[in-house]
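Numbers for residues simply follow the sequence, beginning at 1.
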Amino acid sequence: AAAETYIDQDAVQGASQPVIMVSPVLSMKDGVPDMSAESPYSRTTAEAINGFLTKKNYEVKSIDGQAELSNILQMQSDIANTEDDLSYLASVALDADIYIKYAPEVTNEEVSVEVSAYETSTARLLGSQSAVVRNNGHTSKININSNIGAAVRKAMPGLEQKILNYWKMDLAKGTQYKVVANIKGEYSDSQTEDLHDAIMKG
């Protein structure tokens, strides 16, 4: 039989808790954030995830609409690459330790939600969870919203466990930081490498 490892959540959270940012899957279009493809059920999904996390006493940060996202990216303009994951850039700007991306899908038959957690300092995927809830022929907005909440509640405990597994290991190693150096001026490749080395040694 496969062995299962359980994390003492109280012990982990007693030492420190990760700050978590919650975001839909975001993309760029013509150099600006594109939220047009965002699900009409995005807000319901975000509220369900936020509710789960705040009930567990996590500090939660979120992006509230196009204007706030544009402001965040403007703050990051000196270092942002348009190829970068926008959720990652937002989590850096909001000082989150971990960011969760979510994607709801709704059909007449079922509601599914996928949630994925990433480490902000490295953008490394920590884990994903998904859950499906049947609509049973009830396709009213109220019923679908209720099923989205149920799917989130099914998916989040597994994702939280993956986050806590990572957080416990990370606490043992120490806090990770990402340093972004914006080097002004024109330099050859070899000069840039020398600057890199000097910064790393410093």
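Contact between Ala123 and Tyr118 at its shortest, heavy atoms only, is O-CD2, 3.7 Å. The heavy-atom pair separating Tyr58 from Pro18 by the smallest distance is CD2-O, 3.9 Å. Ala155 and Val115 get closest at one heavy-atom pair: CB-CG2, 4.0 Å. Nearest heavy-atom pair across Thr139 and Asn108 is CG2-O, 3.5 Å. Residues Ser128 and Lys162 approach most closely at O-NZ, 2.8 Å, considering heavy atoms. Residue Asn57 comes nearest to Gln17 through the heavy atom pair O-OE1, 2.9 Å, listed as atom of the first residue, atom of the second, then distance.
At a threshold of 4.5 Å between non-hydrogen side-chain atoms, the residues Trp167 and Asp97 count as touching. For the pair Ile98/Tyr166, a side-chain contact is recorded, criterion being any heavy-atom separation below 4.5 Å from C-beta on. Contact of the Val60 side chain with the Ile49 side chain is not registered, since no non-hydrogen atoms from C-beta on lie closer than 4.5 Å. Side-chain contact between Met156 and Ile100: present, with at least one pair of heavy atoms (C-beta onward) separated by less than 4.5 Å.
Thr120 places a side-chain N or O within donor-acceptor distance of the main-chain N or O of Ala96, the cut-off being under 3.5 Å.
Taking hydrophobic clusters as Ile, Leu, Val, Met, Phe, Trp and Tyr residues chained together by side-chain heavy-atom distances below 4.5 Å, Val106 shares a cluster with Tyr102. Put simply, Leu164 and Phe52 are part of the same group of oily side chains (I, L, V, M, F, W, Y) that touch within less than 4.5 Å, one to the next. Under the 4.5 Å side-chain heavy-atom criterion for grouping Ile, Leu, Val, Met, Phe, Trp and Tyr, Leu53 is not connected to Val19 through any hydrophobic cluster.
Expressed to the nearest 0.5 Å, how far CD1 of Ile148 lies from CD of Glu105 amounts to 11.0 Å. For the atom pair CG (Leu125) and CD (Glu119), the distance works out to 10.5 Å, reported to the nearest 0.5 Å.
Note on residues 144-159: pairs passing side-chain hydrogen bond (donor to acceptor under 3.5 Å, both in side chains), not counting sequence neighbours, are Thr44-Asn145, Asn135-Asn147.
Remark: Glu110 engages Arg134 in a salt bridge (Lys or Arg N to Asp or Glu O under 4.0 Å) (not counting sequence neighbours).
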Which pairs would a plain distance check flag for residues 193-202, meaning a side-chain donor or acceptor within less than 3.5 Å of a matching protein atom at least two apart in sequence or in another chain?
none

Subject >> Working for side-chain contact (heavy atoms from CB on, under 4.5 Å), residues Leu126 and Arg124 >> reply: CA-CA 6 Å; Leu126 303 179; Arg124 178 169 63 96; 3.8 Å; yes
